[in-house]
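Numbers here simply count residues along the sequence, with the first being 1.
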Amino acid sequence: MTALQLKPQREYSRHIHLLYVPTLGCNLGCSYCYLGDQTTRKTLKQDAARATATLRHALEAFEAAGVLAFNVSLHGGEVTTMPPAVLEELFTLIRGYYMGHFDALSALGQPKSVPHIKTNLYRFEPLYDLFVKHKVSISASIDLPLSMHAKHRTTRGGASWLDKTLDNLRLLARYPHAKKISATLCEEHLADIPAVIKDIWFIHRELGFDMNRFNVMFAFESELNESHEVSKGKTALTQASPAKQMELYRALNEAFSGTELEEGLRRHWFDEFKPSYCTSAFNCGERFFLLQSDGSVYSCVRGQGLEELHYGNVFTDSVEQILATGARKVSALHQAHGFDASCQSCGHLRLCRTGCPAVKLQMKSAKSYTCDLQKAIYTDHPRSFPADPPEAQQDYARWYARNMHPRLAFAEAPAPKPGVLLPNDLYQEKNTLLALIEEDETLKALYSREAFVLEMGDERLPLSSQLLKRERSLFTLTKEDRLRLHVRRDVFQKACPEPIRNTLYLQMLRDTPVVYGDEKRTKQEHLFTYQLHFQCLESSDTLGEEYVMADLGGVLHLHRGLYLPGVTNNLFVTTQYLREYHYQKQKNNAFYHIQAINLPFQNFEFYYVP
């Protein structure tokens, strides 16, 4: 079996997260499974026969359409019901795909190299050596407290396998590669929160698994689960109420703050409810996709089997059709349930974006089912998740309404006031900023997401123009942090006849507003400008000969006295000649000037802690 062979150095128009479900079949019968009876279908033989071919076909189709899957994860059903030979093929295919796209993935800050699976651990022991061979990253799911695992995470015959679970958790603790545990909780699971806490310590101290690598998830009520449970003469489990979610959150903070598990509590346990998670995407249908072995494409595991979140089939529909359908259907779900009044006035709207469309569909709700919990997390970590001040919040709410709820925005729009008049043709497709960039090779370089990569310790962060970002990321720096900027060599040739004359151009701003200029605009305050000539840059020792690099630690830390507590600093990076081209383009093209009135260069925002 050979690895997938793909064309090197291709430009990709879209980067997506791809879940692959080789089979919907599962060897367990969890009471709260939102897949309903889909996991009981006896299609394993058919699934095994087509599993590798389907994934290969999909990746090749995405490649031909200029779409890069930056993360390919195996999900279910239960992945480990697949025969070992099929798993071997899938692992080999995924590793080959990552290696074939090593440079592109590294530039995105996604240096993937090994497969990842979600598993219930039932067949972990017999597949252990295969997982070790391919360095598979493991995400294992259990129930907490463990008494609920015995009751609700049973075999198909309804039998408990808790003893086997504990043995497999001990084995997972010794597993030499990346691993974590997640627990999906219902109201019934939270009836005894002290037992949840006790079992977290038990797994950590007695079974030896580092519970810093743990995730909390909350089940939600679904029609597929309810109909399946009713068909068996049972009652579906109850979704955890906001009050119970908050009770758990506060109890975990009280129990684990100041312990060896505090890092996990703050960094990992509640990741699903933070802005980096898929549920906080503006339109997850543009980036997150789930592929089944029959070629069907859905939104994610929450959308499997739901026509409202079915995007098409890779064997019958083009990639372009699938992508467009995904974005359209997700927008339709958000629009169908409206824009909740409390969300419209919430200072955290920019972080949450009203929640998961699949859960909205199931709950017939316009807002996130974990809203109170998310607000508590944001409030407890104000530097990581700052609330927008009123004016900024109102601006974002209007932007969100225009782009996600256009009918609502139009219906509620106040009568226009006398003010700025914009040309009617400003909104023609050919005059949009993205269209102007696409028609200008120099602007493509100026706005490129691959041109500048910031290295912070072991992390690589591709920098984007602040005008094109869909979300804002804030970092915290100290004097101990190492910062290096990697720049593509060919950027210095853009709009510059002699690269030796060109410079790396850095501008540092601070979010202490000042008013200046003929238009008397309020802007961020400039702190300093720094230029380094091209020939003074070193070859990049991590991104290859296509890049040069500059150590920014010295110049950033030199001016640490200018960084104020609790105030963001904004570093813009470009080249001298691209900067000059930007201002000349503003003079030559009014449509560009209007849309790029703020600095368009790639930027990095941070707080500085002495």
Side-chain angles (χ1 to χ4, degrees), residues 71 109-112 114 116 118 135 137-146 169-170 172-185 190 193-218 245-280 351 370 373-386 454-461 473-483 565-566 606-610:
N71 194 342
Q110 299 281 349
K112 301 290 184 181
V114 298
H116 176 80
K118 183 76 172 180
K135 301 180 180 180
S137 169
I138 306 289
S139 177
S141 53
I142 64 171
D143 279 37
L144 289 175
L146 292 170
L169 286 173
R170 291 187 184 95
L172 183 64
R174 301 195 301 271
Y175 184 68
H177 305 301
K179 68 255 186 170
K180 68 176 181 178
I181 289 175
S182 63
T184 302
L185 307 175
L190 301 182
I193 292 177
V196 173
I197 295 170
K198 179 181 177 182
D199 283 343
I200 290 175
W201 279 126
F202 171 75
I203 295 171
H204 182 71
R205 290 174 173 170
E206 301 298 326
L207 302 185
F209 184 89
D210 182 1
M211 286 296 279
N212 281 296
R213 304 298 300 179
F214 170 62
N215 288 102
V216 171
M217 298 187 292
F218 292 108
Q245 294 172 18
M246 286 299 303
E247 185 181 345
L248 175 70
Y249 176 70
R250 295 303 182 203
L252 293 182
N253 273 274
E254 182 177 353
F256 295 100
S257 293
T259 73
E260 68 263 36
L261 293 181
E262 182 173 13
E263 180 182 358
L265 168 70
R266 303 201 182 284
R267 190 180 301 276
H268 300 297
W269 289 9
F270 291 93
D271 269 357
E272 183 170 339
F273 316 105
K274 297 175 182 178
S276 59
Y277 204 72
C278 62
T279 51
S280 293
L351 303 177
T370 57
L373 172 65
Q374 289 172 260
K375 286 182 178 179
I377 293 171
Y378 302 154
T379 301
D380 289 347
H381 303 88
R383 285 194 170 185
S384 297
F385 312 117
L454 188 64
E455 181 182 0
M456 300 179 294
D458 296 328
E459 183 178 3
R460 297 171 193 164
L461 175 69
S473 298
L474 297 173
F475 298 83
T476 300
L477 298 183
T478 72
K479 64 180 180 179
E480 305 299 330
D481 288 319
R482 185 183 74 164
L483 291 170
F606 64 93
Y607 295 99
Y608 190 87
V609 179

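- Checked by atom type and distance alone, the side chain of N215 pairs as donor or acceptor with a backbone atom of H268 at under 3.5 Å.
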- How far apart are the C-alpha atoms of F209 and I203, what are their side-chain angles, what is the distance that settles it, and do they pass the side-chain contact (heavy atoms from CB on, under 4.5 Å) test? CA-CA 6 Å; F209 184 89; I203 295 171; 3.9 Å; yes
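- Remark: side-chain polar atoms of N212 are paired, donor with acceptor, to backbone N or O of E260 under 3.5 angstrom.
- No side-chain heavy atom of E455 sits less than 4.5 Å from a side-chain heavy atom of L483.
- The shortest distance between side-chain heavy atoms of T379 and F385 does not fall below 4.5 Å.
- F214 has its side chain within reach of L144: a pair of non-hydrogen atoms, C-beta onward, lies under 4.5 Å apart.
- Counting only distance, with no hydrogens or angles, the side chain of N253 and the backbone of R250 share no donor-acceptor pair below 3.5 Å.
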- Message: Assess the residue pair F256 and W201 against the criterion (side-chain contact (heavy atoms from CB on, under 4.5 Å)); give the C-alpha distance rounded to whole Å, side-chain angles, the decisive distance to 0.1 Å, and a yes or no.
- Response: CA-CA 10 Å; F256 295 100; W201 279 126; 3.3 Å; yes
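- Rounding to the nearest 0.5 angstrom, the gap separating the CZ atom in R383 from the OG1 atom in T476 is 6.5 Å.
- Atom OG of residue S384 and atom CG of residue L351 lie 10.5 Å apart, to the nearest 0.5 angstrom.
- The closest side-chain heavy-atom distance from E272 to F218 is not below 4.5 Å.
- Between S280 and P275, the shortest heavy-atom contact is CB-O, 3.5 Å.
- Side chains of T370 and Y249 form no contact here, defined as non-hydrogen atoms less than 4.5 Å apart.
- Here M211 contributes atom CE and D199 contributes atom CG; the two are 9.0 Å apart, rounded to the nearest 0.5 Å.
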- Item | Worked check of side-chain contact (heavy atoms from CB on, under 4.5 Å) between K179 and R213 | CA-CA 7 Å; K179 68 255 186 170; R213 304 298 300 179; 5.9 Å; no
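- Contact of the S257 side chain with the L265 side chain is registered, since non-hydrogen atoms from C-beta on lie closer than 4.5 Å.
- Looking at every heavy atom in both residues, A178 comes nearest to Y175 through O-CE2, 3.9 Å.
- Relative orientation of the F270 and F273 rings is tilted, given thresholds of 30° and 60° on the angle between their planes.
- Put simply, the side chain of L190 does not reach to within 4.5 Å of the side chain of E247, judged on heavy atoms.
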- Under the side-chain contact (heavy atoms from CB on, under 4.5 Å) rule, what do K274 and D271 come out as? Steps first, then yes or no, please. CA-CA 5 Å; K274 297 175 182 178; D271 269 357; 3.5 Å; yes
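- One distance of note links OG of S141 with NZ of K118; it measures 5.0 Å at 0.5 Å rounding.
- Between the side chain of E262 and the backbone N or O of G258, at least one donor-acceptor pair lies under 3.5 Å.
- Rounding to the nearest 0.5 Å gives a distance of 8.5 Å between CG of D210 and CD of E263.
- If you take OG on S182 and CH2 on W269, they are separated by 13.5 Å, rounding to the nearest 0.5 Å.
- Counting non-hydrogen atoms of neighbouring residues, nucleotides and ligands closer than 6.0 angstrom, the CZ atom of R267 reaches no more than 12 such neighbours.
- Side-chain contact between S137 and K180 is absent, with no heavy-atom pair separated by less than 4.5 Å.
- Although no hydrogens or angles enter the test, the distance criterion places a donor-acceptor pair under 3.5 Å between the side chain of H381 and the main chain of I377.
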